[in-house]
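Step one of this worksheet: look at the structure below.
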Amino acid sequence: MNKITVIVFFIILLFTSAVNAQLEDRLNLLDESEVKNYARPLVTTFTSGMSAGAFNTADVPRFFGFSIGVKAMFVFIPDDQKSFTPNLPEGYVIDKDAPTIYGQKTGVTYLGGGSNPPIVYPGGITEPTSIPIAFPQVTLSLYGTELLLRYVPLTIEDEDFTLFGAGLKHSVSQYIPLFPIDVAVQVLYNKLELSDIVDASHMAYGLIVSKSFALLTVYGGVQYETSSFDFSYEYTNENSGESRDIKVEIEGDNDMRGVLGLAFKLPFLVINADYSLGAQNVLSTGISLQF
Amino acid sequence: MKTKLLVITAVFSLALSGCILDSLETINQNLPISREIVIDNQPISEFTRTFVFDLNTSDTYQDYENDIKKIEYTSLSFRTTELNIPALEGDLEVEVLYGGETTVFTKRIKPEDYKTTPLVFSLPAAEVAKINEYLAGPNGGRAFTVNVTLNNLTPSSGMLTLRGYFDAVFNFEAEI
C-alpha cells in the first residue's frame, strides 16, 4: 500500500474517530426516544454509502476475474433530515425544531411551565450538504459468480474501528444465450463497529443490468436496502444528575434505491461513476485494477 | 496513470475531510441553571429574595471548563411550581448584577399563569451584548447575583405560599 493510499485511509479514520467523540457527547443529552430522531440520518447515510459502489457492471467473468480498487462517494443530505420535531412532555413550549446530527451546530433548549425544567437538545456535528465516504474493495469471480469483500480494521488511541463487507453477485444472463444485455442479481452485507458505542449492520439486495459499447459500459440497477445501528451510551439527566446506560437500535430511512452509471474500461483499469436515488442520493466513483 | 489517479483521490478526500474535521473539533451546547424561589406560608407583603447563578456549580460546565472558547447568555425565564392563591397578581422586579453592571426586568405578573407556560424575560440586544462581554474571555465572569422583588400584591392580605424556579440558559462552545 503506497504512501498516498495510507494518507487517504488515515483521513477517513480521523473523521470516524472525531465523530465518535462528538457522538458520545451529544447522545449523552438524549433519552431513547429522541436519540432515534437525532441519529437516524446518520444511519441512513451509512446504509446509502454501503449500498453504493457495489457494482459497475452486470457482466460477471465466466471463468476467473479479480479486481482491487477504491470506491469513493458523496452521500447528499436533504434539508428535511437536518431537523426534527421533538417529542416533549406536556407543558413545554415547542417553538422550534431540534437539529439532527446533520443540523445546526448550536443546540436548542425547550422551556416549560410549572415543574418542567429546561430540556436541552444537542446541536449537530456538522451541517453538510454531503458526506464523503471511501473504502477499499476487492472482488473475485469464478464461473459467473462474484465475491465482493471490504475490510478496514484500524485502532488509534484505543479506539477500534472495523468495517467488513461481503457480497455475492451472480450472472443471470449467462443462462440465456444471446441475451442482448447483461443481467445479474446481488446480495450485499456490511458491518461497522466503532469502539463500544456503535454496532451497525447493513443488507442490500439488487438487480443489475448493463450493456457494453467498446470501452464504455452503461449500467443500472435497483436495490432494496436495510440497516440497523445499535448505539450504546450513558444518558445523564441534566437536571437531576442521574445517569443510566442506554442501548438503542435505530433503523435507517432506507428502502429502495435506483442506480444509473457509466464505466470506462481500459485493459486492467476500470473507472466508473454513478448516481443513485434513495432516502439519501449518492454520487459514487470508483477506480480499480481488474484482471 | 495509477499514481496520478491515487493523488487525485487523496487530494479530493483531503480537501473535503479538512472542512469536516474543522467542524468536528468543537461542541456547541446549551447550559441551563435553575434557582428556586420560595415564599412559604408568609403574610402577604413585599417579598425580596436573592440568589446567585454561578456557572461553576454546573457539572456540565466543569466538564468543559478548561476547553471553553466562547460562552454567551441565551435566556432567563420563570415558572411557578406551587401557589396557594390562584388569583394572586403583583409587580415583579428582577435585578441581575454582574461585573459592575445591572440589568432590570419589570412586569406585572399573575404567577398562576406560569404553572403551564414559562415567563420568558426579553432583553434588548444592547443588554445581551453587555452580559456576553462580561462572560467573554478566559477570565470572564461566571456568576450573576439576582435580586427578585414581588410587591403591590393583590389580594393584599392573607398567607402566601409561592414556589417557583428561575431558569437561566447559557450557550457555550468548547474544544473536544
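Quick note on labels: first sequence line is chain A, next is B, and so on, each numbered from 1.
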Test side chain to side chain donor-acceptor pair (under 3.5 Å), reference N171(B), set N132(B), N28(B), T74(B), output is N28(B)
Is a side-chain donor or acceptor of T109(A) paired with a backbone partner of P118(A) at a separation under 3.5 angstrom? no
Checking heavy atoms, do the side chain of S75(B), its backbone, both or neither come under 4.5 Å from chain A? side chain
Considering only heavy atoms and a distance below 4.5 Å, find which of G107(A), G91(A), S115(A), G112(A) pairs most often with chain B. G112(A)
Please confirm whether K96(A) makes a cation-pi placement over Y110(A), using NZ or CZ under 6.0 Å from the six-membered ring centre and within 45° of the ring normal. yes
Which atoms of Y165(B) approach chain A - backbone, side chain, both or neither, heavy atom under 4.5 Å: neither
Interchain contact, S77(B) with chain A, by part (heavy-atom threshold 4.5 Å): side chain
Could you tell me how the ring of F144(B) sits relative to the ring of Y98(B): parallel (under 30°), tilted (30 to 60°) or perpendicular (over 60°)? tilted
